[in-house]
Amino acid sequence: MSKELAVSSDQLLAFETDCHLFKDCGFPAPSVWSFLFDPIFSVGPVDFNKPMLLALIGTVVILAFFWAAFAKPKLVPGKFQMVAEILYDFVRSGIARETIGKKGEPFVPFLVSLFFFVWILNLWALIPLAQFPVNSVIAFPVGLALMVWIVYMTVTFKTNGFVGGIRNLCVPSGLPKPIYVILTPIEFVSNIFVRPFTLAVRLFANMFAGHILILIFTIATWYMLGTLLGTLLGTVYATASFALTLVLTVFEMFIQALQAYVFTVLTATYLSQALEEAH
């Protein structure tokens, strides 16, 4: 990241606070500055900026939550353990068993970790002082998709061997042989390249777009209220923009959970295919 594009700690606002309607300045729309941050601290050659720090804190929160809930499990669970069991069972029964079946039991910890990690990275957008969805930085969805792809490929070849794994990925069974001339290359490109690409882009695009929309209407509220404060027109404009901000925030809460669910379900679907024996 170049120094010219980095955002210093005193420039974290996505807009100029003294810029308002009818003050000879255009609407300060969100830009690249809303997604680039200066390092907060460094450990050796590694610089940690705001998104990286939020990802680390999110990891600690997830580990601490499940450790506290299951470190000393009780036969009759308390409220904290009960909540953790419900969340764990949601992924286990609603995703792993529904998608993979009994063979999916060994992958439940992986899917649970993936679901809650993706979710908390999204949820940071709504947490005061953080207010930034980590998955709106493309590097994080790409890293998660790469991890899923490695597990997917490993399971595929471990289950079927090298030749069987290639058949599993590229040669669907039960079709007329002439079709394989066209279908095999398509399946190869789809399973090897397109799947991880779409998995990453889907998550990134939704979080990026949601954050941009909330920023636009948040800035618009301030932009229109500052100059027209105390007038009926200013009240109407700013109130409408603020109301849309609240609506979009509630909608974004749903999208954040949905994207974590979709990411995990697709991962389970890939694992289910990897566990199928090639014919």
Side-chain angles (χ1 to χ4, degrees), residues 51-52 54-56 58-63 65-66 87-125 133-162 164-172 186-210 255-278:
M52 294 175 66
L54 292 177
L56 289 174
T59 303
V60 172
V61 168
I62 295 171
L63 291 174
F65 173 78
F66 283 104
L87 293 174
Y88 185 89
D89 192 61
F90 168 74
V91 179
R92 180 186 183 187
S93 300
I95 298 179
R97 288 183 177 176
E98 286 289 330
T99 307
I100 307 175
K102 293 182 179 180
K103 292 182 179 180
E105 197 67 27
F107 301 101
V108 171
F110 173 67
L111 295 174
V112 170
S113 301
L114 189 64
F115 175 82
F116 287 105
F117 185 66
V118 173
W119 193 15
I120 199 168
L121 293 193
N122 296 343
L123 274 176
W124 282 122
V134 177
N135 283 319
S136 65
V137 178
I138 187 64
F140 289 92
V142 167
L144 290 168
L146 180 61
M147 179 179 63
V148 170
W149 184 84
I150 292 172
V151 174
Y152 173 36
M153 292 294 109
T154 301
V155 174
T156 297
F157 289 104
K158 184 177 180 180
T159 302
N160 299 282
F162 180 76
I166 296 297
R167 290 178 60 87
N168 180 290
L169 292 169
C170 306
V171 188
I186 294 175
E187 286 291 302
F188 176 81
V189 172
S190 175
N191 291 329
I192 303 298
F193 300 106
V194 175
R195 279 187 170 181
F197 174 78
T198 56
L199 195 63
V201 170
R202 183 185 295 104
L203 177 59
F204 160 73
N206 278 277
M207 292 302 99
F208 181 88
I255 296 298
Q256 289 165 354
L258 178 63
Q259 287 305 311
Y261 178 78
V262 169
F263 196 95
T264 310
V265 167
L266 289 174
T267 300
T269 302
Y270 301 158
L271 292 175
S272 177
Q273 178 181 321
L275 292 169
E276 292 178 0
E277 295 183 3

Rounded distance (nearest 0.5 Å) linking atom [atom1] of [X] with atom [atom2] of [Y]:
X	Y	atom1	atom2	result
L199	M147	CG	CE	10.0 Å
N206	F263	CG	CZ	12.5 Å
T198	L203	OG1	CG	11.5 Å
R167	F162	CZ	CZ	13.0 Å
I95	T269	CD1	OG1	9.5 Å
N122	L258	CG	CG	10.0 Å

Minimum heavy-atom separation for [X] to [Y], with atom names?
X	Y	answer
G58	W124	N-CZ2, 3.9 Å
T154	I150	OG1-O, 2.7 Å
F115	A257	CE1-O, 4.3 Å
F140	A55	CE2-CB, 3.7 Å
F204	S136	CE1-O, 3.0 Å
Y261	G94	OH-O, 4.2 Å

Inset, instruction - Kindly determine whether F66 and F116 satisfy ring-ring contact (aromatic ring centres under 6.0 Å, His included), including the steps that lead there. - result: CA-CA 11 Å; F66 283 104; F116 287 105; 5.4 Å; yes
Do [X] and [Y] have side chains that approach each other closer than 4.5 Å (heavy atoms only, starting at C-beta)?
X	Y	answer
M153	I192	yes
Q259	I255	yes
F107	L275	yes
V118	Q256	no
Y270	N191	no
L169	F188	no
L266	V148	no

Inset, instruction - Apply side chain to side chain contact (heavy atoms under 4.5 Å, CB included) to the pair Y152 and T267, showing each step before the final yes or no. - result: CA-CA 8 Å; Y152 173 36; T267 300; over 6 Å; no
Inset, instruction - Count the heavy atoms of every other residue, nucleotide or ligand shown that sit under 6.0 Å from CZ of F90, and state whether that count exceeds 12. - result: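 Enclosed.
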Do the side chain of [X] and the main chain of [Y] share a donor and acceptor less than 3.5 angstrom apart?
X	Y	value
N168	Q273	yes
S272	A268	no
T99	A96	no
S190	I186	no

